[in-house]
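None of the values given here were measured: they were computed from a predicted structure. Atoms within a ligand are numbered from 1 in the order they appear, just like the ligands themselves.
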Amino acid sequence: MQVICPVCKESGELNPQHWRCECGEAWEPVDTLTFDPALIHPENYGLWRYADIFDLGFRQPRISLGAGWTPLIPAKVQGLNVYFKPEYISPTGSFKDRGTEVEINVLAEQQVETVVDDSSGNAGSSLAAYAARAGLKADIYVPHYASENKKKQIAIYGATVNSIPGVRNDAKLAAMNSVGGKKVYASHAYHPAFLLGQESIAWEVWEQMGGKAPDWFIVPVGQGVHLLGAWMGFERLRKAGLIDKTPRIVAVQPKLLNPIVRAIETNAAEVEEAVPSQPSLAEGLAIAKPVRWKRILEAIRASGGTAIDVTEDEIIEGQHELAKLGLYAEPSSAVVWGALMKIRQNADPNDVFLLPLTGSGLKGSPKI
Ligand SMILES: [Zn+2]
């Protein structure tokens, strides 16, 4: 696949050994063609309806577990026009499958043997499942505090679970140090094919809304790959003249660990590494400084969006309020509720809000 560095503009064919640019930045997929609706395969209700737009050199994936084409559920929430997109209705119960399904096909094409990632749980589960399906070995590094349910989910797919003491970043360093030869770093934070897969949510929403885009996209941010992928996907629709404007992107983080929120609130040029005083219930968002922070800030600012943080009580309340609508999201996912309640004050009454629900409530135990 063709990749480009968004910082130094180095570009070329992706090599699995060079999982990031020499300058240290994460690769991004190159938009090799303009989004053309005629390229969609309408008979395919999954990610691969966009196979020609992915333009990876193959139309049929080697490996599929049927990710993508999640429902779009309209709801009136306190008078607001809201669409929920339960991304947890996916092969391993989180939005990560959208990226992993594209990534694993690129890795299989490159004939790697072992894939490595660090994860608080959901990305590790997703990669473990797809590796099993592809006949690859998976080596997953998790922080010691990751939930038992998530560790067990990774293990049952046959992956090696390495529980690493310390903070989340220690798991990342352990993963990076373990790769070499045909054992490659298949990081959801770094891999450009993962980002490409995430773009598909924007295209799906545009199709499901009858050729329209929402006014607001409210999304939890850990590594921020869902945010960035969606923004890039909407941008491609805008550049193709299919929508007038990209939705305003709202990044949501727990107050206990909010590096993006701080940068946006202080209009900072850089994101400073955050240090949590205690762990948040939103364990999937425990990222002190996202790998792609530069582009995340750009996406929020260019879209006219913002960043909002929520308290632990607001996270619990969000999980319960979503459940009252029949939607069971994990705490890392339920943060969007509190953000919706705050952003409504700055919104037009006719605005349309899109809230992806990124992870299943079944991933952990709710506080009742
Ligand atoms: Zn670079």
Check: Y130/E101 side-chain N/O donor and acceptor closer than 3.5 Å: yes
Please report, to 0.1 Å, the donor-acceptor pairs under 3.5 Å made by any side chain of residues 254-263, with sequence neighbours excluded.
| from | atom 1 | to | atom 2 | distance (Å) |
| --- | --- | --- | --- | --- |
| K255 | NZ | D309 | OD1 | 2.9 |
| N258 | OD1 | R262 | NE | 2.9 |
| N258 | ND2 | D309 | OD2 | 2.8 |

Residue pairs, two or more places apart or on separate chains, that pass side chain to side chain donor-acceptor pair (under 3.5 Å) and touch residues 7-18: Q2-E13
Can you give each donor-acceptor pair under 3.5 Å made by side-chain atoms of residues 163-173, sequence neighbours left out, with the distance rounded to 0.1 Å?
| from | atom 1 | to | atom 2 | distance (Å) |
| --- | --- | --- | --- | --- |
| R168 | NH1 | D118 | OD2 | 3.0 |
| R168 | NH2 | D118 | O | 3.3 |
| R168 | NH2 | D118 | OD2 | 3.2 |
| D170 | OD2 | V167 | N | 2.8 |

W48/F54 aromatic ring centres below 6.0 Å: yes
Geometric class of the F217/F234 ring pair [parallel <30°, tilted 30-60°, perpendicular >60°]: perpendicular
Within less than 2.8 Å of the Zn ion (ligand 1): protein N, O or S atom count: 4
